[in-house]
Amino acid sequence: VEPGAAQVLVGSHLDTQPNGGRFDGAYGVLAGLEIVRTLDDRGIRTRRPLTIVSWSNEEGARFPLATTGSSVFSGQLSLEDALAQRAVDGPTFGAELARLRAAGGEEVGARPVCCYLEVHIEQGPLLEASGSAIGIVTRSQGLHAVEVVLTGSALHAGTTPMELRRDALVGAARIVELVSELGRAAGGLGTVGHLLVEPNSRSVIPGSVRLVVDLRHPDVAALDTMAARARDGIEAIARDARLEVELDTLLRVDPVAFDEEGNRVLAEAAARLDLASLELVSGAVHDAVKLAPVVPATLTFVPCRGGVSHNPGEYASPEHVRAGCDVLLQAALARAEVVP
Ligand SMILES: [Zn+2]
């Protein structure tokens, strides 16, 4: 290794969901380990150092700030906020890092980075359906989540004439329909997955509804258009139903593009190894999504059975696991530069 040379990072995360499987995350970290062991077995030396990374708290299952490690590393979350976040069972992230002796002393960003390579199970059905062993992720979609609170009048369902009602759930139902239509029309995704109806009683007209609109699209302009149309449409529905409405952005994640040159190397490696590959957009957030704005980053997928993930039934075949490692090894060698 050449002194001072920028490092090639290979990794993913080891944390999982409470009822998660064995592959989500762990596969990418073990792939890094397998690559380094393979180079050692073959006595191959590289000009740039290869570094295996296991990012902390990617899932956000125990601590609320998902992708904690990669967000701090890429400057999208302050170290203070990361350390201060509290686990669902009480202690702070900082206290747990200290207790586990996992709190390193090195300053974030102290070592120069050449690129980041991550391999992950797809967590969706597209690769399996296409028969491809390798997914090359070109972009990740952006996300815009808006909380909507509709307020009407909670009156007696048996005595209030229809024309006098201000039924918040009737407004909410129209919003659910609108959001679904917006997703379809924009070639994106629109979901209302959370509704809280008050007082939620058979004989009372719903007086208020809290719902969350979740919009996703790989193109930032299209995502902004969807969000603007949703806002206008929701306000029009509220006016029409004589409801008060409050809108509040809960979460906004911009789409990112992965490294084109890196993806070209991956596609060539797959072709050389006789593995069918497919270009994909990542629907989920991964550590690579956090790294992509600050270093050349690639995200490679392998198929998982039935697209099942975040479930103990999660499974990827040994052939596919090996295919992902093989392609990643080639990409790592191209970036780290073999010393003859
Ligand atoms: Zn993951």
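Whatever order the structure lists them in is the order used to number ligands and atoms, beginning at 1. Keep in mind the model is a prediction, meaning the values are calculated, not measured. Residue indices begin at 1 and follow the sequence shown.
Side-chain atoms of Ser317 come within 3.5 Å of backbone atoms of His320 as a donor-acceptor pair (strictly under, hydrogens ignored). Under the 3.5 Å distance criterion, the side-chain polar atoms of Asp24 are left unmatched by any main-chain donor or acceptor of Gln123.
Ring centers of His286 and Phe301: under 6.0 Å apart, within the cut-off.
The Zn ion (ligand 1) lies at the vertex of an angle of 120° between the NE2 atom of His120 and the NE2 atom of His13 (rounded to 10°).
For the Zn ion (ligand 1), the nearest N, O or S atom contributed by Asp24 is named OD1.
For the pair Leu9/Leu117, no side-chain contact is recorded, criterion being any heavy-atom separation below 4.5 Å from C-beta on.
The Zn ion (ligand 1) has no N, O or S atom of His286 inside 2.8 Å of it.
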